[in-house]
Amino acid sequence: MVLTADTAAETLLDWYSETARDLPWRRPDCDGWGVLISEIMLQQTPVARVEPIWHEWLERWPKPSALAGATQAEVLRAWGKLGYPRRALRLHTAADVIAREHGDVVPGDVDTLLALPGIGAYTARAVAAFAYGKRTPVVDTNVRRVVARAVHGAGDAGPASNTKDMADVEALLPADQRRAATVSAALMELGALVCTARSPQCADCPVFDDCAWVRAGKPAYDGPAKPVQKFAGTDRQVRGLLLDVLRGTEEPVPKTRLDVVWDRAGQRDRCLDSLLTDGLVEQTADGRFALPGEH
DNA sequence: AATCCGTGGCA
DNA sequence: TTGCCAAGGAT
């Protein structure tokens, strides 16, 4: 029998209770705000780099209204080098909406969460499940890989298909809300610790006996090639270098201070323009540049 | 639907 | 060294 809701739930719950990492956002005293911050920070960013920053944020801004009261520059500096700094700006905006329209309490309803900036299909359901114990399919890259292998017998997940992926996971969730939420956490944890992308540790897998991929003889991934994201030399690198200069100064800087970080003037200026457009950089009245919200 | 958006660790 | 990978979202 291949992995199903019947076979999966008890096995995964037992495994999770014994094996799950003791991450701070999983502690019982962590509220929806702590969970939301963790989920945004964890988007495309490893746990090890998120943990220290998460603690700083929760101590400094224990409620959405506290973060909403900070300047964008403060938020971007506190975000540091987590990457994709637009996430920080969107979280800042979301915090303001939560403070003003939701009584300073992170919503537990998926559709309400989806209406907030920076919160998509994954994050909305992750918050609903992990902070509020809701039964809803939480589909991230880990879960897609686990399902691709254990259910479909493939070497890895193909291109994401939101509707189909959520239906696959939904089929694995037990009826009980609370148990379903923990199964969602367990599926993610399984993908993160055991059913990993590079070298899955099948010997340690709680669903080994029910895994379609194992039964099929662990065939290699045969789907479409995944597009490789270059970084060196891209606008992403240049934007990162420009922003790093501004994170390191309190005072606005003249453009000459930014010009030294990258040779190619055309690309450099285009990137600075895009940062201004994205609201990650502001220009002062006298023509200097700074992180937004303070000048 | 494909592409863009940061950063750093690791094999 | 280079390429892959890490709890996605917006357009």
Side-chain angles (χ1 to χ4, degrees), chain A residues 20-21 23-26 30 34-54 76 79-91 93-94 113-131 136-146 156-166 169 181 184-193 195-200 221 224-247 261-262 267 270-271 274-275 277-281:
Chain A
R21 292 165 292 179
L23 300 173
W25 42 87
R26 287 177 175 166
C30 181
V35 171
L36 175 58
I37 292 178
S38 79
E39 292 301 339
I40 300 294
M41 288 183 170
L42 286 164
Q43 290 168 5
Q44 303 286 283
T45 308
V47 167
R49 285 180 26 218
V50 164
E51 235 185 296
I53 309 293
W54 182 88
L76 288 169
W79 191 259
K81 307 199 78 167
L82 278 184
Y84 294 138
R86 296 187 296 182
R87 290 182 291 167
L89 250 33
R90 289 174 181 143
L91 180 53
T93 303
L113 286 160
L114 282 171
L116 296 169
I119 297 185
Y122 162 76
T123 303
R125 290 171 178 79
V127 170
F130 304 150
T136 183
V138 180
V139 183
D140 76 331
T141 183
N142 288 309
V143 173
R144 290 187 352 92
R145 184 174 55 251
V146 168
D156 199 353
S161 168
N162 211 312
T163 307
K164 184 179 185 312
D165 293 341
M166 288 207 294
V169 174
S184 291
L187 286 169
M188 289 181 61
E189 193 74 344
L190 188 62
L193 297 183
C195 195
T196 58
R198 283 170 175 147
S199 51
Y221 173 69
K226 306 184 175 187
V228 285
Q229 283 244 45
K230 296 288 185 191
F231 179 66
T234 63
D235 286 3
R236 283 201 331 289
Q237 181 183 18
V238 178
R239 286 165 54 106
L241 291 170
L242 293 170
L243 220 46
D244 200 38
V245 171
L246 299 181
R247 260 188 243 116
V261 305
W262 197 250
Q267 184 182 23
R270 171 160 47 81
C271 288
S274 72
L275 288 170
T277 298
D278 289 349
L280 286 162
V281 174

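Protein chains get the first letters and strands the later ones, always in sequence-line order, with residue 1 at the start of each. Below, each value reflects all heavy atoms present in this structure, side chains not excepted, and no hydrogens, waters or symmetry copies.
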Has [X] got a side-chain N or O lying under 4.0 Å from the OP1 or OP2 atom of [N]?
{"X": "Arg86(A)", "N": "dT11(C)", "answer": "no"}
{"X": "Lys230(A)", "N": "dG3(C)", "answer": "yes"}
{"X": "Arg239(A)", "N": "dG6(B)", "answer": "yes"}
{"X": "Ser38(A)", "N": "dA7(C)", "answer": "no"}
{"X": "Arg87(A)", "N": "dA7(C)", "answer": "no"}
{"X": "Gln44(A)", "N": "dG8(C)", "answer": "yes"}
{"X": "Lys226(A)", "N": "dC4(C)", "answer": "no"}

Checking all strands, does [X] fall into the base, sugar-phosphate, or nothing category for heavy-atom contacts under 4.0 angstrom?
{"X": "Ala126(A)", "result": "nothing"}
{"X": "Thr141(A)", "result": "sugar-phosphate"}
{"X": "Pro227(A)", "result": "nothing"}
{"X": "Gly83(A)", "result": "base"}
{"X": "Leu89(A)", "result": "nothing"}
{"X": "Arg145(A)", "result": "sugar-phosphate"}
{"X": "Ala121(A)", "result": "sugar-phosphate"}
{"X": "Trp79(A)", "result": "nothing"}
{"X": "Arg49(A)", "result": "base"}
{"X": "Gln229(A)", "result": "base"}
{"X": "Ile119(A)", "result": "sugar-phosphate"}
{"X": "Arg247(A)", "result": "sugar-phosphate"}
{"X": "Asp278(A)", "result": "nothing"}

Separation of atom [atom1] in [X] from atom [atom2] in [N], rounded to whole Å:
{"X": "Tyr84(A)", "N": "dA7(C)", "atom1": "OH", "atom2": "C1'", "answer": "14 Å"}
{"X": "Leu193(A)", "N": "dA6(C)", "atom1": "CG", "atom2": "P", "answer": "12 Å"}
{"X": "Gln43(A)", "N": "dG8(B)", "atom1": "CD", "atom2": "P", "answer": "18 Å"}
{"X": "Leu116(A)", "N": "dG9(C)", "atom1": "CG", "atom2": "P", "answer": "12 Å"}
{"X": "Glu51(A)", "N": "dT7(B)", "atom1": "CD", "atom2": "P", "answer": "21 Å"}
{"X": "Arg125(A)", "N": "dG8(C)", "atom1": "CZ", "atom2": "P", "answer": "15 Å"}
{"X": "Ile40(A)", "N": "dG8(C)", "atom1": "CD1", "atom2": "C1'", "answer": "9 Å"}
{"X": "Leu42(A)", "N": "dA7(C)", "atom1": "CG", "atom2": "C1'", "answer": "5 Å"}

Do Thr93(A) and Leu116(A) have side-chain heavy atoms sitting under 4.5 Å apart?
->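 No; the side chains remain at least 4.5 Å from each other.
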Just wondering, do Ile37(A) and Trp54(A) contact through their side chains at under 4.5 Å, heavy atoms?
->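 Side chain of Trp54(A) against side chain of Ile37(A), heavy atoms only: contact under 4.5 Å found.
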If I pick the [atom1] atom on [M] and the same atom on [N], what distance separates them, to the nearest angstrom?
{"N": "dG6(B)", "M": "dT11(C)", "atom1": "P", "value": "14 Å"}
{"N": "dC5(B)", "M": "dA7(C)", "atom1": "P", "value": "22 Å"}
{"N": "dA1(B)", "M": "dA6(C)", "atom1": "C1'", "value": "23 Å"}

Out of dG6(B), dA7(C), dC4(C), whichever nucleotide has its closest atom nearest the side chain of Arg198(A) |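 Given the options dG6(B), dA7(C), dC4(C), the side chain of Arg198(A) is closest to dC4(C).
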Which listed nucleotide (dA10(C), dG8(C), dG6(B)) is nearest to the side chain of Arg90(A)?
->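 Per side-chain heavy atoms of Arg90(A), the pick is dA10(C).
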Should the pair Arg21(A)-Glu51(A) be classified as a salt bridge under the 4.0 Å nitrogen-to-oxygen rule?
->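 A salt bridge is absent here (no side-chain N lies under 4.0 Å from a carboxylate O).
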Nearest 0.5 Å please: distance from the [atom1] atom of [X] over to the [atom2] atom of [Y].
{"X": "Lys81(A)", "Y": "Arg247(A)", "atom1": "NZ", "atom2": "CZ", "answer": "6.0 Å"}
{"X": "Arg236(A)", "Y": "Tyr84(A)", "atom1": "CZ", "atom2": "OH", "answer": "4.5 Å"}
{"X": "Gln237(A)", "Y": "Leu241(A)", "atom1": "CD", "atom2": "CG", "answer": "5.5 Å"}

Identify the heavy atoms of Arg239(A) and Cys271(A) that sit nearest to each other, and give their distance.
->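 Taking every non-hydrogen atom into account, CG-CB, 3.9 Å.
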Ignoring hydrogens and angles, state whether a donor on the side chain of Ser184(A) or Arg125(A) is under 3.5 Å from an acceptor on the partner side chain.
->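 No - no donor-acceptor pair under 3.5 Å links their side chains.
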Which residue lies more 5' along DNA chain C, comparing Thr123(A) with Val228(A) via nearest heavy atoms |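 By nearest-heavy-atom nucleotide position, the 5'-most residue is Val228(A).
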Where each residue is assigned the nucleotide of DNA chain C containing its nearest heavy atom, which of Gly118(A) and Val47(A) is assigned the position nearer the 5′ end?
->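 The residue closer to the strand's 5' end, by nearest nucleotide, is Val47(A).
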